[in-house]
Peer 1: 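Take this structure, written in structure tokens, and hold onto it; I'll ask about it next.
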Amino acid sequence: MESTLQPSKKSFPALLKQLPDMVVVSPECETLLHAFSRPPNTEGHIPDYYLAIVDKAIPVQEIEQTFLYTSPYVGAVTTFTGIPRCTSGESNQCDTITHLFYETYTKMVMKQMLALCNTLVEQFPGIFKVAVVMRVGLVPLQQPSLFVGIASSHRQGGFDALHYAVEYIKKDAVVWKKELSLPS
């Protein structure tokens, strides 16, 4: 996928003022955010992004309520929550998997997430808000490890953007996953 990031002359504090809902966990990402801006969506509005890499539980409901559902332009919110399961690969039999361990190169993943958000806004109609939250470290079964939310003016743009985002993250994001079998 070709990067859609565009250089910006804005300072990081000014960008944060413009993006009050953006969450960045790693301080090393400040310079990255300083260098890029967001394109307008297909309806001419500047979208909001909520991006995070966390090492604790992802607050899915809080992100939905305080970020995705807060625009009068939004007519549809589509979400995906990925959770670890006890099976490996395509097997339907539970293995001894109890946890997954995720690692990432934060700066590179943040750059990928920004590029992904910009691509979604440019390619799919009516995208107003994009949330992408990845969890790193030890994640037990049935706890969210990935959350992607799209707030759009109409459902079809949201569904298409969500599908594209999840497939991109699964295939291209710099995230390493290890299956673990830990005693209870």
Side-chain angles (χ1 to χ4, degrees), residues 1 3-5 19 21-26 28-29 32-33 38 47-70 74 76-92 94-95 97-121 123-124 127-152 155 157-182:
M1 176 165 100
S3 175
T4 58
L5 296 174
L19 299 174
D21 293 316
M22 179 177 277
V23 173
V24 179
V25 184
S26 174
E28 67 204 32
C29 294
L32 176 67
L33 290 175
R38 301 162 297 149
D48 289 325
Y49 301 158
Y50 183 109
L51 308 175
I53 297 171
V54 299
D55 62 359
K56 56 186 177 196
I58 298 173
V60 172
Q61 292 176 337
E62 182 180 331
I63 295 167
E64 289 174 338
Q65 294 299 320
T66 63
F67 180 70
L68 292 172
Y69 297 156
T70 59
V74 170
V77 172
T78 52
T79 64
F80 171 84
T81 304
I83 58 173
R85 62 186 183 280
C86 67
T87 61
S88 182
E90 298 300 318
S91 167
N92 287 329
C94 266
D95 297 326
I97 299 168
T98 60
H99 295 76
L100 293 181
F101 186 82
Y102 293 91
E103 291 181 275
T104 189
Y105 176 47
T106 302
K107 192 171 184 177
M108 184 176 287
V109 169
M110 290 301 288
K111 183 176 180 180
Q112 288 179 311
M113 291 190 327
L114 281 166
L116 171 62
C117 290
N118 286 345
T119 298
L120 296 176
V121 167
Q123 291 187 9
F124 299 98
I127 305 300
F128 284 91
K129 295 177 181 240
V130 180
V132 181
V133 182
M134 295 179 180
R135 184 169 173 185
V136 294
L138 195 62
V139 182
L141 298 182
Q142 301 174 313
Q143 293 293 313
S145 59
L146 172 66
F147 175 77
V148 180
I150 308 287
S152 57
R155 68 182 176 273
F159 285 136
D160 294 343
L162 182 66
H163 182 262
Y164 182 95
V166 172
E167 291 303 314
Y168 173 82
I169 292 166
K170 176 82 172 159
K171 181 181 172 204
D172 295 320
V174 183
V175 177
W176 299 276
K177 174 177 75 171
K178 182 173 181 171
E179 297 172 345
L180 301 173
S181 297
L182 300 175

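This is a predicted model, so every value here is computed, not measured.
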Peer 1: Does the side chain of Leu180 come within less than 4.5 Å of Ile97's, by heavy atoms?
Peer 2: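 Side-chain contact under 4.5 Å: no.
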Peer 1: Would you check if the side chain of Ser152 reaches a backbone N or O of Gly157 as a donor-acceptor pair within less than 3.5 Å?
Peer 2: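 Side chain of Ser152 to backbone of Gly157: no pair is present.
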Peer 1: Could you give the distance from CD (Glu179) to SG (Cys86), rounded to the nearest 0.5 Å?
Peer 2: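 Glu179 atom CD to Cys86 atom SG measures 10.5 Å (nearest 0.5 Å).
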Peer 1: Could you tell me the separation between the NZ atom of Lys178 and the CZ atom of Phe101, rounded to the nearest 0.5 Å?
Peer 2: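 Here the rounded value is 9.0 Å.
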Peer 1: For the residue pair Lys129 and Phe67, would you count it as a cation-pi contact if the rule is NZ or CZ under 6.0 angstrom from the ring centre and within 45 degrees of the ring axis?
Peer 2: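 Yes, Lys129 and Phe67 form such a contact.
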Peer 1: Applying side-chain hydrogen bond (donor to acceptor under 3.5 Å, both in side chains), name anything that partners Thr78, two or more places apart in sequence or on another chain.
Peer 2: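 Partners of Thr78 by the side-chain hydrogen bond (donor to acceptor under 3.5 Å, both in side chains) criterion come out as none, since no residue qualifies.
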Peer 1: Can you find a heavy atom in the side chain of Thr66 that is under 4.5 Å from one in the side chain of Ile63?
Peer 2: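 No. Closest side-chain heavy atoms not under 4.5 Å.
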Peer 1: Within the structure provided, determine whether Phe147 and Glu64 are in side-chain contact (heavy-atom separation under 4.5 Å).
Peer 2: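 The answer is yes, as the side chains (C-beta and beyond) meet within the 4.5 Å cut-off.
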Peer 1: Are the side chains of Thr81 and Ile58 in touch, meaning some heavy atoms are under 4.5 Å apart?
Peer 2: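 When only atoms from C-beta onward are counted, Ile58 and Thr81 do not touch, as no gap falls below 4.5 Å.
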Peer 1: Which distance, rounded to the nearest 0.5 Å, do you find between the NZ of Lys107 and the CD1 of Ile53?
Peer 2: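 Lys107 NZ to Ile53 CD1: 12.5 Å, rounded to 0.5 Å.
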Peer 1: Let me see the working for Ile169 and Val148 under side chain to side chain contact (heavy atoms under 4.5 Å, CB included), right down to the final yes or no.
Peer 2: CA-CA 10 Å; Ile169 292 166; Val148 180; 3.8 Å; yes
Peer 1: Please give me the minimum heavy-atom distance between Val132 and Leu146, naming the atom from each residue.
Peer 2: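 Residues Val132 and Leu146, closest heavy atoms: CG1-CD1, 4.5 Å.
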Peer 1: Would you give the length of the straight line joining atom CD1 of Ile83 to atom OG of Ser145, rounded to the nearest 0.5 angstrom?
Peer 2: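 Here the rounded value is 8.0 Å.
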Peer 1: Are Tyr69 and Val77 close enough that some pair of their side-chain heavy atoms sits under 4.5 Å apart?
Peer 2: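 Tyr69 reaches Val77 side chain to side chain.
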Peer 1: Any idea which heavy atoms bring Cys117 and Val130 closest together, and the distance?
Peer 2: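 Taking Cys117 first and Val130 second, the nearest heavy atoms are SG-CG1, 3.5 Å.
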Peer 1: Between Asp160, Leu68, Leu120, which is the residue that forms a side chain to side chain contact (heavy atoms under 4.5 Å, CB included) with Ile150?
Peer 2: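 Output: one option passes, namely Leu120.
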Peer 1: Is the Tyr164 to Phe124 ring centre distance short of 6.0 Å?
Peer 2: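 Yes - the distance between ring centres of Tyr164 and Phe124 falls below the 6.0 Å cut-off.
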Peer 1: Hey, mind stepping through Gln112 and Tyr168 against side chain to side chain contact (heavy atoms under 4.5 Å, CB included) and telling me if it holds?
Peer 2: CA-CA 10 Å; Gln112 288 179 311; Tyr168 173 82; 3.7 Å; yes
Peer 1: Would you say that Pro47 contacts Phe128 through its side chain, given a criterion of any heavy-atom pair below 4.5 Å between the two side chains?
Peer 2: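 They are not in side-chain contact.
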Peer 1: With the side chain counted from C-beta on, respond yes when Glu103 and Val175 share a heavy-atom pair under 4.5 Å apart, and no when they do not.
Peer 2: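 They are not in contact (no side-chain heavy atoms under 4.5 Å apart), so the answer is no.
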Peer 1: Got a list of side-chain donor-acceptor pairs under 3.5 Å for residues 133-143, not counting sequence neighbours?
Peer 2:
residue	atom	partner	partner atom	Å
Arg135	NE	Lys56	O	3.4

Peer 1: Flag the pair Val121 / Tyr49 as yes when at least one side-chain heavy-atom distance between them is below 4.5 Å, and no otherwise.
Peer 2: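 SC-SC contact between Val121 and Tyr49 confirmed.
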